[in-house]
*Asks:* 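Below you will find the structure I want to go over with you.
Proteins get letters first, then strands, A, B, ... in listed order; numbering begins at 1 in each.
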Protein chains: 2
Amino acid sequence: MPAARADGAGKSGPTLEQVAARAGVGRGTASRVINGSPRVSERTRSAVQAAVAELGYVPNRAARALAAGSMDAVALVVPEQENRLFAEPYFSEILRGVSAELGDTDMQLLLTLIRDQRGRERFAQYAAAHRVDGVLLVSVHGDDPLPDLLREVGMPAVLGGRRSHAEQLPYVDSDNLLGAQLAVEHLLGRGRRKVATVTGPPDIYGARCRLAGYHAALRAAGLESAPPDADDGGFPADGPLVVQGDFTEEGGHRAMRELLARDPEVDAVFCASDVMAAGARLALREAGRKVPEDVALVGFDDSAVARHMDPPLTTVRQPIEEMGRAMVRMLLDLMARAREDPPRTPSGTAGAEQQPRLVLPTELVRRSSS
Amino acid sequence: MPAARADGAGKSGPTLEQVAARAGVGRGTASRVINGSPRVSERTRSAVQAAVAELGYVPNRAARALAAGSMDAVALVVPEQENRLFAEPYFSEILRGVSAELGDTDMQLLLTLIRDQRGRERFAQYAAAHRVDGVLLVSVHGDDPLPDLLREVGMPAVLGGRRSHAEQLPYVDSDNLLGAQLAVEHLLGRGRRKVATVTGPPDIYGARCRLAGYHAALRAAGLESAPPDADDGGFPADGPLVVQGDFTEEGGHRAMRELLARDPEVDAVFCASDVMAAGARLALREAGRKVPEDVALVGFDDSAVARHMDPPLTTVRQPIEEMGRAMVRMLLDLMARAREDPPRTPSGTAGAEQQPRLVLPTELVRRSSS
DNA sequence: CGCATCGATGGGAGCGCTCCCATTTCAGCG
DNA sequence: CGCTGAAATGGGAGCGCTCCCATCGATGCG
């Protein structure tokens with residue numbers, strides 16, 4: 001005699017039906033209580049809640065997703081570039097923020113590391129098939145097609161960091177320009193006069209902003225003539241005191257040597273990332289320059305390396321965790337909106353709608369390298 | 001006139017039914033092809049595959065999960081302790097490994113950061129309700145109830161790091177003992193004679209192993225008498241040259257000062273983590289001791305700080321990414337087994353079954369701090 | 001006091017898929 | 001040439017839930 005049911009295996013707990021029965025109400029009513037519908041009497045509500053507690057009921061996500069057509073899940077997509085330029089604290093912090101903010105909802109966090117083209121396509125298809133309700137994109141390159149693709153299939157998405165000044169998608173970014181400006185002003189305020197900079201890759205918008213901030217500070221101090229335009233582009237990406245790095249330590253090292261060769265009088269360097277500052281610091285040591293006596297050094301990111309460098313590195317801190325939280329809030333908002341609105345074809349409203357955007361402040365962290 | 005279908009919204013692509021129709025077969029057959037069942041003729045198979053390609057069909061996970069009773073998802077659970085002792089490279093590396101290995105299956109990765117008791121209960125309930133097919137637990141404390149709870153509800157789980165020498169659950173760990181032993185032997189080989197150690201919290205098994213390795217090396221060199229027992233406990237957690245740290249930089253700093261106070265002759269220190277080594281390095285600098293001339297320093301983990309310390313820190317590297325991969329492989333294996341076997345009540349087979357376990361080798365990374 | 005209203009409730013109809021049983025087909029065999 | 005069994009296939013029965021419509025009262029008003 002086969003057991004009534006080969007239970008114990010993958011079977012889960014009680015069903016809504018059972019909860020309803022136990023509470024002496026109908027399935028629909030029980031569902032209403034569980035989903036917080038207001039159209040339920042107080043008596044009924046508590047009866048159902050009691051039944052839920054007694055039975056230890058946990059709604060079946062798959063069933064809910066299938067019936068409701070939403071997945072109650074958002075994906076955090078992280079492109080995992082070869083050079084893993086994007087690592088260290090940034091990722092953990094974002095995750096912390098995202099997770100914290102998501103913890104209040106009962107939304108799932110799906111993590112997707114995209115390693116290669118194949119992975120990208122796979123995810124694109126996955127998203128196009130609406131297997132998640134929203135997407136958080138972090139560390140997106142200027143030429144990444146994924147964001148627009150998501151937009152086309154009507155999948156709510158929020159970027160962490162813009163791809164350009166006129167980013168079309170909703171985003172949360174930090175004020176890279178002002179942060180860089182603060183850093184350079186700080187250097188200038190310390191009496192430094194030959195302030196150089198090691199930039200990041202020019203195809204990353206944030207890196208361009210940091211360079212723009214550098215120029216802005218110099219200009220404000222009257223050390224450089226007015227530039228073509230505002231906060232983007234328009235600046236010489238190169239020049240006697242501007243050397244391009246690539247966000248790696250090795251790149252910082254190389255750039256610093258180049259700088260020293262170009263002008264031995266350099267007395268301060270603003271590096272667009274802490275990691276590059278570490279490389280620069282090495283080059284300075286090799287050249288017998290003391291930090292900060294001979295050359296003051298400032299980084300960007302306030303990553304772990306900054307605290308552990310010798311001397312500890314002055315740097316610019318971004319509210320990364322808060323960025324994560326803000327991204328989630330923004331995404332949840334978009335998702336709610338998408339649920340209500342009839343998301344007509346992209347070209348519908350002629351794209352006149354204003355996408356939400358948020359730029360968080362950065363702050364200078366003074367340590368002894370400057 | 002409303003479009004035949006207010007499409008573009010949350011609706012996903014074609015259904016199995018449509019694929020089947022297109023291929024001119026029945027739903028069951030189409031399903032069989034998609035799930036790789038062998039009981040399908042070659043002709044039919046290719047017909048269905050063509051239809052899938054043409055329609056861009058992507059199976060609906062929710063429906064599949066509901067019908068099949070499995071979720072095609074595993075959770076990676078990360079306790080997020082206050083002190084975030086567990087951060088930096090470890091987490092990213094584990095994630096990289098997990099993600100890479102999971103990328104080959106079409107299993108989803110659900111990330112769960114557990115912040116507090118409430119979060120723990122929430123996840124426990126979630127798992128008990130079988131909302132995932134397997135769980136990866138990382139950085140588990142000795143007294144964490146979660147693992148046993150998972151075991152009770154028959155949820156396949158793999159630990160990253162044991163809780164004790166006789167861990168009952170499947171686990172992947174690294175050879176902490178041998179790594180520590182290598183480190184200390186290295187110090188001894190460099191002619192150091194007063195080798196001290198800064199330990200981690202004693203309630204973490206890995207930390208105890210590192211201490212045991214320290215003792216083992218000293219003993220092998222005849223610098224310490226034979227201890228009570230093998231590779232676990234049995235050693236004095238304290239002693240003239242053994243000071244307890246807590247895996248934090250501040251703790252390492254404090255411990256090093258204590259060490260210097262106890263015995264100014266100390267000429268080498270093995271710290272059970274790089275971060276503590278950073279703290280120790282600071283204390284040494286404050287005390288005017290040079291590294292490595294006066295005191296040689298070795299850490300553990302090969303985290304980012306190690307490379308950026310001055311001088312760069314000799315340390316012990318664990319194959320963390322590989323641990324992540326191994327955990328996934330082990331978990332998938334357990335899941336497959338659970339699917340076949342009738343997972344009877346825990347007490348069933350008297351727990352005589354051998355749980356899979358794996359201990360990966362560690363390696364010494366020599367830098368200039370020793 | 002009867003009828004229109006509105007809130008509260010019960011429960012049918014699927015959501016898209018897997019499982020599994022019934023059916024069909026066909027080769028092999030006595 | 002009819003019979004048996006294996007292989008291939010079709011399609012019903014749900015999985016547990018949300019949606020939505022029909023129902024049932026109770027309330028308010030003419």
*Asks:* Give the nucleotide from the list dC17(C), dC15(D), dT18(D) with an atom nearest to the side chain of A67(A).
*Replies:*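 Minimum distance to the A67(A) side chain belongs to dT18(D).
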*Asks:* Rounding to a whole Å, what distance do you find between R39(B):CZ and dA22(C):P?
*Replies:*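 After rounding, the reported distance stands at 18 Å.
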*Asks:* For E167(A), is there an ion pair with R357(A) - N to carboxylate O distance below 4.0 angstrom?
*Replies:*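 Salt bridge flag = no for E167(A) with R357(A).
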*Asks:* What's the CZ-P distance between R45(B) and dA8(D), to the nearest Å?
*Replies:*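 In whole Å, dA8(D) P lies 10 Å from R45(B) CZ.
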*Asks:* Separation of E17(B) atom CD from dG14(C) atom P, in whole Å?
*Replies:*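 In whole Å, dG14(C) P and E17(B) CD are 13 Å from each other.
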*Asks:* Rounded to whole angstrom units, what separation is found between the CG atom of L66(A) and the P atom of dG14(D)?
*Replies:*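 These atoms are roughly 17 Å apart.
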*Asks:* Assess whether a salt bridge exists between D148(A) and R163(A), defined as any Lys/Arg side-chain N lying under 4.0 Å from an Asp/Glu carboxylate O.
*Replies:*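 Answer for the salt bridge query: yes.
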*Asks:* Quick one: the side chain of R32(B) and the base of dG10(D), do they pair up donor-acceptor inside 3.5 Å?
*Replies:*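 Per atom types, the contact qualifies.
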*Asks:* Can you see if the side chain of T44(A) gets near the phosphate of dT9(C) - specifically, an N or O under 4.0 Å from OP1 or OP2?
*Replies:*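 The answer is yes; a side-chain N or O of T44(A) sits under 4.0 Å from OP1 or OP2.
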*Asks:* From CZ of R64(A) over to P of dC15(D), roughly how many Å is that when rounded to an integer?
*Replies:*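 From R64(A) CZ to dC15(D) P: 18 Å.
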*Asks:* Report the distance from atom NE2 of H130(A) to atom C1' of dC15(C), rounded to the nearest whole Å.
*Replies:*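 About 16 Å, once rounded to whole Å.
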*Asks:* Looking at dT9(C), I'd like to know if its phosphate oxygens (OP1 or OP2) sit under 4.0 Å from a side-chain N or O belonging to S41(A).
*Replies:*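 Affirmative; the distance criterion is met.
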*Asks:* Is R27(A) close enough to dG11(C) that one of its side-chain N or O atoms is under 4.0 Å from OP1 or OP2 there?
*Replies:*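 Result: no.
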*Asks:* When you check the phosphate oxygens OP1 and OP2 of dC17(C), does a side-chain N or O of S31(B) lie under 4.0 Å from one of them?
*Replies:*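 No, because none of the side-chain N or O atoms of S31(B) sits under 4.0 Å from OP1 or OP2 of dC17(C).
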*Asks:* Could you please name the option among dG10(C), dC17(D), dC17(C) that lies closest to any side-chain atom of P59(B)?
*Replies:*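 Nearest nucleotide to the side chain: dC17(C).
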*Asks:* Which one, dG10(D), dG16(C), dT18(C), comes nearest to the side chain of A63(B)?
*Replies:*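 Nearest listed nucleotide: dG16(C).
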*Asks:* Could you check whether R45(B) pairs with E42(B) (Lys NZ or Arg NE/NH1/NH2 to Asp/Glu carboxylate O, under 4.0 Å)?
*Replies:*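 Looking at E42(B) together with R45(B), the answer is yes, because their closest N to O distance falls below 4.0 Å.
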*Asks:* Does the distance from a Lys or Arg side-chain N to an Asp or Glu carboxylate O, for R329(A) and E322(A), drop under 4.0 Å?
*Replies:*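 The answer is yes: the pair qualifies as a salt bridge.
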*Asks:* Nearest-Å distance, CG (L16(A)) to P (dG16(D))?
*Replies:*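 After rounding, the gap between these two atoms is 11 Å.
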*Asks:* Hey, does the side chain of N35(B) come within less than 4.0 Å of dT18(C)'s phosphate (OP1/OP2), counting only N and O?
*Replies:*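 Yes, within the criterion.
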*Asks:* Should L76(A) and V135(A) count as side-chain neighbours, where that means a heavy-atom distance under 4.5 Å?
*Replies:*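 No - every pair of side-chain heavy atoms lies 4.5 Å or more apart.
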*Asks:* How long is the line joining CD of E42(A) and C1' of dG7(C), in whole Å?
*Replies:*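 So the two atoms are 14 Å apart, to the nearest Å.
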